[in-house]
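Below you'll find the structure, written out as structure tokens, and then a few comments.
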Number of protein chains: 2
Amino acid sequence: MAETRWLDEREMRAWSGFLAASALVNRRLDQQLKDDSGLSHPQYEILVRLSAAPDGELRMTELANGLINSKSGLTYQVTQLEKAGLVRRRSCPSDVRGVFAVLTDAGRARLERAAPGHVAMVREALIDVLTPAQLEALADGLGEVSRRLREHGG
Amino acid sequence: MAETRWLDEREMRAWSGFLAASALVNRRLDQQLKDDSGLSHPQYEILVRLSAAPDGELRMTELANGLINSKSGLTYQVTQLEKAGLVRRRSCPSDVRGVFAVLTDAGRARLERAAPGHVAMVREALIDVLTPAQLEALADGLGEVSRRLREHGG
DNA sequence: CAGGGATTGTTCAAATTCGAACCGCCAGCC
DNA sequence: GGCTGGCGGTTCGAATTTGAACAATCCCTG
């Protein structure tokens, strides 16, 4: 067992900043979305991914891999969205086990109404606070971080 | 109502990276801590803050401001830690309403045992993946982000 | 074509989270 | 002294999350 390499001052600042920002930004966004559009952040993310997919539909597993939560969590949220009429389930013709989540017209409309306020909050909380260089560093650095975590065990 | 300023490609990468990294790193850490020391990440954070405080004790409110979760969430976690004997409650002599959370010897020992593995995971998942320049950008940028979110509504 | 292992999505119980309501108490003000 | 406003922490119920167990199905190999 090697000696523990503790974090130096800069590493510590980066780590605390990451931790705090991650919690605070998420909290703020969730709040904004709920007040503004009655959607939770997880739900909004689901709608976004569906709307970006061809024909507005994706397999449950693909949706889950996109991230956010576990398989069971996804089942739950899609059920909620289905109750709200924003998403519909369609069974996959080529694989009986498979299920597509399909964005309904109401879902697309809801998303379009929610998006501007959401983007504004993302800017206010994160994007517009950073310098261009910091933006670049975040995009590259955190992109790499998530890529690694995704493959190594996801 | 101004036109919506959508995110350009770089901003989008930064935002997605932030979102994904935030979820994945947190998940991974929680897992590591639970497997390795039987502590959840929130619990670990509480122990860390207490151990850094004079006499290993803090008022509940100060602890909650440190962040992580709501007041009620903190009450819950402190209760859990108390059951596990890692933390003790002590009422504040000068203010009957006040409650101190105090780190016990067992709590300090548990934290010291958990720390090396935790730091190693923080390095593996985040710190050691970033270049020094990216580290600096994260520290400065996300530090500023959390500072703003904290004052503006926290 | 049968067998075995991997996949798909759901269900379940348990743990955790949040916000709102609440109680007791401090502090300033008349 | 007594009132009023607000703080500090807990309690409560509802919503959400997770991992493990499950049932059904697919696909590869022999």
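Note that this is a predicted model, so its numbers are computed, not measured.
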Quiz prompt | Asn69(B) side chain, from C-beta outward: closest of dT8(C), dG9(D), dC18(C) | solution = dC18(C)

Quiz item: Does the pair Glu112(B)/Arg108(B) count as a salt bridge with the N-to-O cut at 4.0 Å?
Solution: no

Quiz item: Roughly, in whole Å, what's the span from CG in Asp35(B) to P in dT18(D)?
Solution: 16 Å

Self-check item: Arg59(B) CZ - dT10(D) P separation (whole Å)
Solution: 11 Å

Practice problem: Rounded off to whole Å, could you give me the CD-to-P distance for the Gln80(B) and dT10(D) pair? | Solution: 13 Å

Exercise. Would you mind checking if Arg59(A) and Glu62(A) are paired as a salt bridge, meaning a charged N to carboxylate O distance below 4.0 Å?
Key: no

Quiz item: Using a cut-off of 4.0 Å on non-hydrogen atoms, how would the nucleic acid contact of Gly73(A) be classed: base, sugar-phosphate, or nothing?
Solution: base

Quiz item: With a 4.0 Å cut-off, would you call Arg90(A) and Glu57(A) a salt bridge?
Solution: yes

Exercise. Could you check how far CG of Asp30(A) sits from P of dA15(D), rounded to whole Å?
Key: 15 Å

Exercise. Return the nearest nucleotide to the side chain of Asp95(A); candidates are dG19(D), dA15(C), dT25(D).
Key: dT25(D)

Quiz item: With respect to the side chain of Val96(A), which nucleotide from dT17(D), dT8(C), dT25(D) is positioned closest?
Solution: dT25(D)

Quiz item: Over how many whole Å does the gap from Tyr76(A) atom OH to dC12(C) atom P extend?
Solution: 15 Å

Quiz item: So does Arg113(B) pair up with Asp36(B), basic N to acidic O under 4.0 Å?
Solution: no

Self-check item: Distance in angstrom units between Leu74(A) CG and dT18(D) P, rounded
Solution: 10 Å

Quiz prompt | Shortest side-chain distance from Thr75(A), nucleotide among dG19(D), dG6(D), dG9(C) | solution = dG9(C)

Quiz item: If you measure from the Lys or Arg side-chain nitrogens to the Asp or Glu carboxylate oxygens, is any gap between Asp128(B) and Arg148(A) under 4.0 Å?
Solution: no

Quiz prompt | Sub-4.5 Å side-chain heavy-atom contact between Leu33(B) and Ser40(B) | solution = no

Exercise. Decide, yes or no, whether a salt bridge links Asp8(A) with Arg10(A) under the criterion of side-chain N to carboxylate O below 4.0 Å.
Key: no

Quiz item: Of the nucleotides dT18(D), dA20(C), dC26(C), which one has an atom closest to the side chain of Ser72(B)?
Solution: dA20(C)

Self-check item: Which nucleotide in dG8(D), dT18(D), dT17(D) has an atom nearest any side-chain atom of Ser70(A)
Solution: dT18(D)

Quiz item: Do Arg89(B) and Thr79(B) meet the criterion of a side-chain donor-acceptor pair at a distance under 3.5 Å?
Solution: yes

Practice problem: In whole angstrom, give the distance that lies between atom CZ of Arg27(A) and atom P of dT16(D). | Solution: 16 Å

Quiz prompt | Distance, rounded to the nearest Å, where Asn26(A) contributes CG and dT17(D) contributes C1' | solution = 14 Å

Quiz prompt | Heavy-atom donor-acceptor pair, Arg97(B) side-chain to dC7(D) base, under 3.5 Å | solution = yes

Exercise. Please tell me which of Lys34(A) and Arg89(B) maps to the more 5' nucleotide of DNA chain D, matching each residue to the nucleotide holding its nearest heavy atom.
Key: Arg89(B)

Quiz item: On DNA chain C, nearest-nucleotide positions of Gln77(B) versus Lys71(B): which is more 5'?
Solution: Gln77(B)

Practice problem: Go through residues 38-52 of chain A and report each residue with a non-hydrogen atom lying under 4.0 Å from DNA chain C, sorted by number. | Solution: none

